[in-house]
Novice: 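Attaching a single structure in structure tokens format; questions to follow.
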Number of protein chains: 2
Amino acid sequence: MAETEHIDTRESLLDAAESLFSEHGIQAASLRAITQQAGANLAAVNYHFGSKDGLVRAVFSRRLKPLNEERIRLLEACDLENGREDGVEQVLNAFLAPLLRAVRATPEGTREFGRLMGRAFSEPNEDVRKMVSEEFAEAIRRFLDALARLLPSLSEQELLWRFHFAAGAMAHTVSCGYLLEKLSAGLCHASNGDEALEYLVSFLAAGLRAPAQQRRSSQGE
Amino acid sequence: MAETEHIDTRESLLDAAESLFSEHGIQAASLRAITQQAGANLAAVNYHFGSKDGLVRAVFSRRLKPLNEERIRLLEACDLENGREDGVEQVLNAFLAPLLRAVRATPEGTREFGRLMGRAFSEPNEDVRKMVSEEFAEAIRRFLDALARLLPSLSEQELLWRFHFAAGAMAHTVSCGYLLEKLSAGLCHASNGDEALEYLVSFLAAGLRAPAQQRRSSQGE
DNA sequence: GTCTATAGGGGGATAGAC
DNA sequence: GTCTATCCCCCTATAGAC
């Protein structure tokens, strides 16, 4: 409140929406609250984004496009061919670091994005889920390719399951840090991206490298 | 619609609420829709549960109390003292199996609970998060104790982080199965609790048993 | 581009009859 | 215990002045 300078209504709206979507959920954050926090008028959202759905889409893609581009850039910078033994760790780092860095508090307002991002895949609104999935699709495809080469003993099925678990651990870390802080009585610092990254990479690398399972046939369901 | 027999309004309301909370989210599921699906009157919710919040609480505790009791029962049935090497797997199985079994489609309507449960810890409503955390607190404490004895080389901090990651993989599995089904083009069956359980246990056991990290001092933040 | 005003639809809760 | 009717709230979207 009482901003010194008005920079850009459109950007202010995105900042306010990101913050309120994160705090209250997409559905529960009203355009009234968003426009008020942005110092803009109620009608501004419809002018700039067409509808609330348009605003939601813009909020996500503003962050996800650069995030997934950076992931791919880091993946391509990995040194995976020269007999190094830490290929899995390198790839995990390339996937996780951009998100965990983004979650860290910054002067600009990326702060709230972690909670929103962690919830995005389980949002009740199907349009939101679909939109977010599509933003990730290309990056996920590339990372799965890289992991498949690094872990040739895994069946395609098992690799997919394990990547899914890794995504879950990551999502939980960025969206439910409060649980860890409370459970550890302050011993763990969930909002510290470096701490989270080190523990996550070693944990997930070990999980990905676990011996392949021989599944007992079970055609249940 | 057109139910053959009216059994119990209270239970019908819980079933309808669980189903609609799962599908649309707690906030977006209106009491009007819930009472209509339950074949009850709008005022029935206030009569039986006092308010929408009361209904939410009842929906969660109806499932979580027996779920966590079963977890503790299974944990106490584990054989951890006789030099067996699969202690971690046994403990993980005791923690995961009750939830994954509950998520499976059943005749009665437990079907929808997985999605709701997976989202519960990141619900925007703080009262819901607090309520759900408390339902899990006792079970989590016991499982952490058991794991600490099985993995004495881990610092308390690292064990907490790893348990947190495990919870995330589990939550993602029960709430975002659609992602895996789509990503695998039908190769993986996320709704098959047995398949999920086998892959989860081996993945998480390897992650928990990974060598302890030596954290470089980093007092960032 | 930005505002005010309003249309038009739902929402949770409750009073009071049965 | 269950119903109807209603109070009063907030929501998104849009029309039309500036």
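Chain naming here is simple, since letters A, B, ... match the order of the sequence lines and numbering starts at 1 in each. FYI, side chains are in, hydrogens and waters are out, and symmetry mates aren't considered; it's all heavy atoms of this structure.
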Novice: Counting only heavy atoms and a strict 4.0 angstrom limit, can you tell me which residues of residues 44-55 of chain B come near DNA chain C?
Specialist: B/Asn46, B/Ser51, B/Lys52

Novice: Can you see if the side chain of A/Thr9 gets near the phosphate of C/dT2 - specifically, an N or O under 4.0 Å from OP1 or OP2?
Specialist: yes

Novice: Using distance only, find each side-chain donor-acceptor pair of residues 40-48 of chain B under 3.5 Å and give its atom names and separation, not counting sequence neighbours.
Specialist:
residue : atom : partner : partner atom : Å
B/Asn41 : OD1  : B/Ala43 : N            : 2.8

Novice: Between A/Ile26 (CD1) and D/dC11 (C1'), how many Å, whole number?
Specialist: 17 Å

Novice: Would you kindly give the CZ-to-C1' distance between B/Arg10 and D/dG1, to the nearest whole Å?
Specialist: 13 Å

Novice: Side chain of A/Ser30: nearest nucleotide among D/dC11, C/dC3, C/dA13?
Specialist: D/dC11

Novice: Starting at atom CD1 of B/Ile34, determine the distance to atom C1' of C/dG10, rounded to an integer number of angstrom.
Specialist: 14 Å

Novice: Can you label the angle between the A/Phe121 ring and the A/Phe136 ring as parallel, tilted or perpendicular, going by 30° and 60°?
Specialist: tilted

Novice: In whole angstrom, give the distance that lies between atom CG of B/Leu42 and atom P of C/dA13.
Specialist: 10 Å

Novice: Kindly point out which of C/dC3, D/dA13, D/dC11 is positioned nearest to the side chain of A/Ala43?
Specialist: C/dC3

Novice: Could you work out, with side chain to side chain contact (heavy atoms under 4.5 Å, CB included) as the rule, every residue matching A/Pro98, not counting sequence neighbours?
Specialist: A/Leu67, A/Glu70, A/Arg71, A/Leu74

Novice: Does this structure show an ion pair linking B/Arg141 with B/Asp145, if we count only N-O contacts that are shorter than 4.0 Å?
Specialist: yes

Novice: Could you state the atom-to-atom distance from CD of B/Gln36 to P of C/dG10 in whole Å?
Specialist: 12 Å

Novice: A/Leu31 CG to C/dG9 P: how many Å, rounded?
Specialist: 19 Å

Novice: Once you measure the plane-to-plane angle for A/Trp161 and A/Phe165, does it fall in the parallel (<30°), tilted (30-60°) or perpendicular (>60°) bin?
Specialist: tilted

Novice: Does CD belonging to A/Glu138 count more than 12 external heavy atoms closer than 6.0 Å?
Specialist: yes

Novice: In whole angstroms, how far is the P atom of C/dA13 from the CG atom of B/Asn41?
Specialist: 14 Å

Novice: Considering only heavy atoms and no angle criterion, is a donor-acceptor pair shorter than 3.5 Å present between the side chain of B/Arg32 and the base of C/dG10?
Specialist: no

Novice: Using a 3.5 Å distance criterion without hydrogens, assess whether the side chain of A/Arg129 forms a donor-acceptor pair with backbone atoms of A/Pro124.
Specialist: yes

